[in-house]
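First the structure, in the form of structure tokens, and then the observations on it.
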Amino acid sequence: MKLSMVVTAQQTQFAAATFSGDLHHNLSVLKQMGYTGAELAIRDPKQIDLPSLSALVSELGLAVPAIGTGQAWNDEGLSFTASDPSIRQAAIERIKSHLPLAAHFDAVVIIGLIRGVLKPGDSHEQAMEWLRSALKDCSQAAEDAGVRLALEPINRYETSLINTVAQGMDLIDAVGSQNFGLLLDTFHMNIEEPIIEDSLRLCNERIFHFHVADSNRWSPGSGHLDFPSILRTLIDTGYSGFISGEFLPLPDVHTAGEKNLAYLKPILEDIYGNLSG
Ligand code: LER
Ligand code: MN
């Protein structure tokens, strides 16, 4: 079963970076729990020793389905839509610098908050133009590297740039690359999408990656989201990638990770059992 969790490879201020701290320890714990993948949040690939990371991941037999890049915004302020062109360019170069790592692991590269956050008075139209241009540039490089990019619609309290799946689909049309799709996150969808299942169907084969958290951003099963229905719809779209846990480490990281697995496994077994039966 393709279940993963977000693990941060470098220290960050992001609250829902579920596992942070010693990477070797965290990946081992994840494996022991029964996860088969680790989504790695990496602020700067330059500071990652690929041979040792690769050896660690293969020793544990874990897949790396996705690489999160949002820490470059959170911790360094890099953004595709900053008014300073040198910051925009640095953000583009940072995303491109993830491509060799992503190609190595066959992971998608996540475009989260590196798209930027508008300040009061900034022009939304101008920001969207910079965003489209950055994404075209990065998608071309991603195509050349054989890597897929997944932009995550993020709720309105974190950014005003691409909150919904429909806005994400418009961006996909504008960017015009087969290698550019979306990462959908049930926490954000619960805030922004009128009917989560309809939005999953709208995105369909452009769902490149999937984050799960419940309505309160605790692990699935802790809030009011209808995961049996959401996951059935997701799998009906043909999605065969990882279902990646990105939730608050509450009441503690271990309990949250165990609860996620214990809650999702029977739901997925039921869905897959019905598909094959
Ligand atoms: C990252 O995947 C995410 O969901 C955002 O909330 C980051 O700010
Ligand atoms: Mn997310």
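Both counts, for ligands and for their atoms, begin at 1 and track the order of listing. Note that the numbering runs from 1 along the sequence shown for the chain.
Pairs passing the ring pair (Phe, Tyr, Trp, His ring centres under 6.0 Å) check and including a residue from residues 80-138, sequence neighbours excluded, do not occur. Screening residues 210-230 for ring pair (Phe, Tyr, Trp, His ring centres under 6.0 Å) gives H209-H211 as the qualifying pairs, with residues at least two apart or on separate chains.
Atoms of ligand 1 lying under 4.0 Å from any heavy atom of L113, numbered from 1 in the order shown and given with element: 8 (O). The ligand atoms of ligand 1 that sit less than 4.0 angstrom from a heavy atom of H211 are 2 (O). Atoms of ligand 1 found under 4.0 Å from any heavy atom of D185 (numbered from 1 in listed order, with element): 4 (O). Set against the non-hydrogen atoms of E152, the atoms of ligand 1 under 4.0 Å away are 1 (C), 2 (O), 3 (C), 4 (O).
Nearest N/O/S atom of E246 with respect to the Mn ion (ligand 2) is recorded as OE1. For H211, the N/O/S atom at the shortest distance from the Mn ion (ligand 2) is named ND1.
Centred on the Mn ion (ligand 2), the OD2 atom of D185 and the OE2 atom of E152 lie at an angle of 90°, reported to 10°.
Side-chain contact between C138 and L149 is present, with at least one heavy-atom pair separated by less than 4.5 Å.
In this structure, R217 has a heavy atom closer than 4.0 Å to ligand 1.
Residue H188 does not count as close to the Mn ion (ligand 2), with no N, O or S atom under 2.8 Å.
Heavy-atom contacts from other residues, nucleotides or ligands closer than 6.0 Å to CG of D106 number 12 or fewer.
For atom 4 (O) of ligand 1, the nearest non-hydrogen atom from the set H188, E39, H209 belongs to H188.
Under the side chain to side chain contact (heavy atoms under 4.5 Å, CB included) rule, L131 has a single partner from K136, R115, Q126, which is R115.
Taking the charged nitrogens against the carboxylate oxygens, R201 and D236 have no contact shorter than 4.0 Å, which rules out a salt bridge.
Between the side chains of E193 and S199, at least one donor N or O sits under 3.5 Å from an acceptor N or O.
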